[in-house]
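Here the structure comes first, spelled out in structure tokens, and everything after it is commentary.
Since the structure is predicted, the reported quantities are computational estimates derived from the model, not experimental observations. So you know, we letter chains A, B, ... as the sequences are listed, proteins then strands, and number each from 1.
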Amino acid sequence: MTKTMRLLAVAMTLLSFGSARAADSIKIGLMAPLTGSWASEGQEMKRNVELLAAEQNARGGLLGKQVEVMVEDDGGDPRTASLAAQRLSTRGVVAVIGTYGSAVTEATQTILDEAGLVQVANGSTAVRLTEKGLKLFFRTCPRDDEQGRVGAAILEKSKAKKVALLHDSSAYAKGLADEIAAILKQRKIEIAFFDALTPKEQDYSAILTRLKAAGPDVVFFTGYYPEAGLLLKQKKQMGWKVPFIGGDAINNPDLVKIAGKDAAQGFQFLSPPVPKDLDTPEAKAYVASYQKKYGEAPSSIYGVLAGDGFRVVAKAIEATKSTSGDKLRAYLTTELKDFPGFTGKIAFNGKGDRVGELYRVYAVDASGSFVLQK
Amino acid sequence: MEQFFQQLTNGLAVGSIYALIALGYTMVYGVLRLINFAHGDLFTYGGYLGMTVLTSFLLQDRLGLAAGLLVLALMVMGLVAVIGVILERAAYRPLRESPRLSAVVSALGASIFLQNALMLVYGARYQVYPDILPQSSVSIFGLDVPIMRIAVVLTSVAMMAGLYLFVQKTKTGTAIRAAAIDQGAARLMGIDVDRVIRLVFVIGPALGGGAGLLVGLYYGQINFTMGWIYGMKAFTAAILGGIGNIPGAMVGGLLLGVVEALGAAYLSIAWKDAFAFLVLILILIVRPSGLLGERVAEKV
């Protein structure tokens, strides 16, 4: 009995310390894949959010308190992510930014929702994430079905008669390929090939040989840039000239480094606009200060979308003068309109999805730059 | 039919890389009965060290392409061999007398350490090799085969043949084989078993590092986690051929590569790995010790 009492007393003291410290600052959690296969994305997310938090603190913080970013590594893995979400929810954060992969985010949704924390994901585009009726979940990235619509529209415009769809079996890539396939079927465009590659391999010649045998007019690859780069490079080595189109996971300058300029030239992909293509003064100033702090421009759009997530949360806290999840939700869904995000104007609908057309078409030019197609 | 032969060349290229890595698993297993889980990471180190040496010394400009590549390969293999010897010293030798499970755990730990150390030094982004190799392809019987793919296959076959001759024909090679059969008896015959083990940890990592360099040069893209998938496949290849058996690892690697490519060609691409592992299971049901694994009488 006394032992239990003593333990309780210790626990109480610890708890009171915890809350006393929490009162000094406003903590915002960031869940990001700092290790694992998406580590490069995760580290950019961290850079963006930490830079924005530092800027916010330089302007006097939030509600008169300093902002503290609590970073947890989700390893790009659902199991690690659920532990990360639990840790964040016990560390006194008021909202969580992140994370990147859809399956990874999905593992954290209910944990954070039950803890009463607003979550703003930055790269998780799977449709079902916002179809569950979770009140506190938002995302700054668009959904796969919107991307599917834009993707199918490009394929239709290209006048292709036979289309090949290639994904990588990830929830995201498969979802996008399914969306496109469903629309193409309605439009009576033939799908000559529908299959998946294994990500993280290096030799895709077996797949390319098979693709070539199917004889498509255009290939739409819905996966990520490392595989896309290798596909383009090996396609060139084979001497095969069919055009490739990709989804928004391909928007990373490393694509051109991996494929080589010659092989990447003419490749098109869908993406939310990158900061350099936004002419708002906010975006320009932000890219400049990012460049100043880290010595290079932000390379991933998802890092910037995490930054937008942070700014939306900061704005909501400032406007409501509160950190309660319900008040933040009410503000984000009803009052936040035309917020000048780096990636365009931001507003959310009742499901937590971002409102408005986000996707643009980019093409790789001869010098290896991504050029916005009008 | 054309697709069949095209896929065959695709499979042989991948398979020869698997085979090179599989040799490292099989040699260590043969002598120590230990699965060196860090071997896939040594392969990755080959890729990264190759990139560093290539971009910092510019050997191909100073010595010409062929000589430059040869020196590059020797340097990378030497460096990875040094890491292999340190690994054996630090992670395996202290546990030589402990239960086998401890050594396996130590191997897994070493793998995690090596992988993350690489990420901290080079960063998590994909690294790209400079383009120094010819990208052209030749036409053989109506098939377009990139020259580099032929070079990859020839290089690996040459390395494997060299190893085979070394193990079969030299005195040191005989010592390795003796230690693999029975360490105690080998010691009684005057063989310095510790030296043999050290040598195994020079040769295996050197070949694995060489494979990493080949992958970097040929595919142009490396990542700090790439050793995992290659390691898995090579480990499978080693078992397929009969773990502990050197020609078995070569056969297993090539076979696995070809089976994968043909699986991708005629079945679903997404199922090609499942298909490859199905073949593994079938072979192991028929021949539990692998394709070339010797049937060792049960010791009582």
Might you confirm whether atom CZ of B/F275 has over 12 heavy atoms from other residues, nucleotides or ligands at distances under 6.0 Å?
no
For chain A, which of B/G220, B/P146, B/A13, B/A265 has the most heavy-atom pairs under 4.5 Å?
B/A265
Side chains of B/T55 and B/Y129: do they bring a donor and an acceptor to under 3.5 Å?
no
Residue, of A/K212, A/M238, A/K200, that accumulates the most heavy atom pairs under 4.5 Å with chain B
A/K200
I want to know whether A/Y172 and A/Y224 have ring centres closer than 6.0 Å.
yes
Is the number of heavy atoms from other residues, nucleotides or ligands within 6.0 Å of CZ (A/R87) greater than 12?
yes
Which of residues 203-211 of chain A get closer than 4.5 angstrom to chain B, counting heavy atoms alone?
A/D203, A/S205, A/A206, A/I207, A/T209, A/R210
Taking every heavy-atom pair that is under 4.5 Å apart, which of A/A259, A/P226, A/G42 has the most such pairs with chain B?
A/P226
Suppose we call two aromatic rings close when their centres sit under 6.0 Å apart. Are A/Y100 and A/Y302 close by that rule?
yes
Going by atom types alone, do A/S299 and A/E44 pair a side-chain donor with an acceptor below 3.5 Å?
yes
Counting only non-hydrogen atoms closer than 4.5 Å, does A/P199 touch chain B with its backbone (N, CA, C, O), its side chain (CB onward), both, or neither?
backbone
With chain A, the option among B/D273, B/L262, B/I17 that has the most non-hydrogen atom pairs under 4.5 Å is B/D273
Which atoms of B/I229 approach chain A - backbone, side chain, both or neither, heavy atom under 4.5 Å:
side chain
What class does the angle between the rings of B/H39 and B/Y25 fall in, given that below 30° is parallel, 30 to 60° is tilted and above 60° is perpendicular?
perpendicular
Return yes when atom CZ of B/F113 has more than 12 non-hydrogen atoms of other residues, nucleotides or ligands closer than 6.0 Å, and no otherwise.
no
Strictly under 6.0 Å, is that where the ring centroids of A/F244 and A/F221 end up?
no
Under 4.5 Å from a heavy atom of chain B, the part of A/F194 involved
neither
Where on A/Q202 is there a heavy atom nearer than 4.5 Å to chain B: the side chain, the backbone, both, or neither?
both
Sort B/Y218 into side chain, backbone, both or neither according to what part of it lies under 4.5 angstrom from a heavy atom of chain A.
both
Please determine if B/R125 and A/E41 form a salt bridge, counting it only when a charged side-chain N lies under 4.0 Å from a carboxylate O.
no
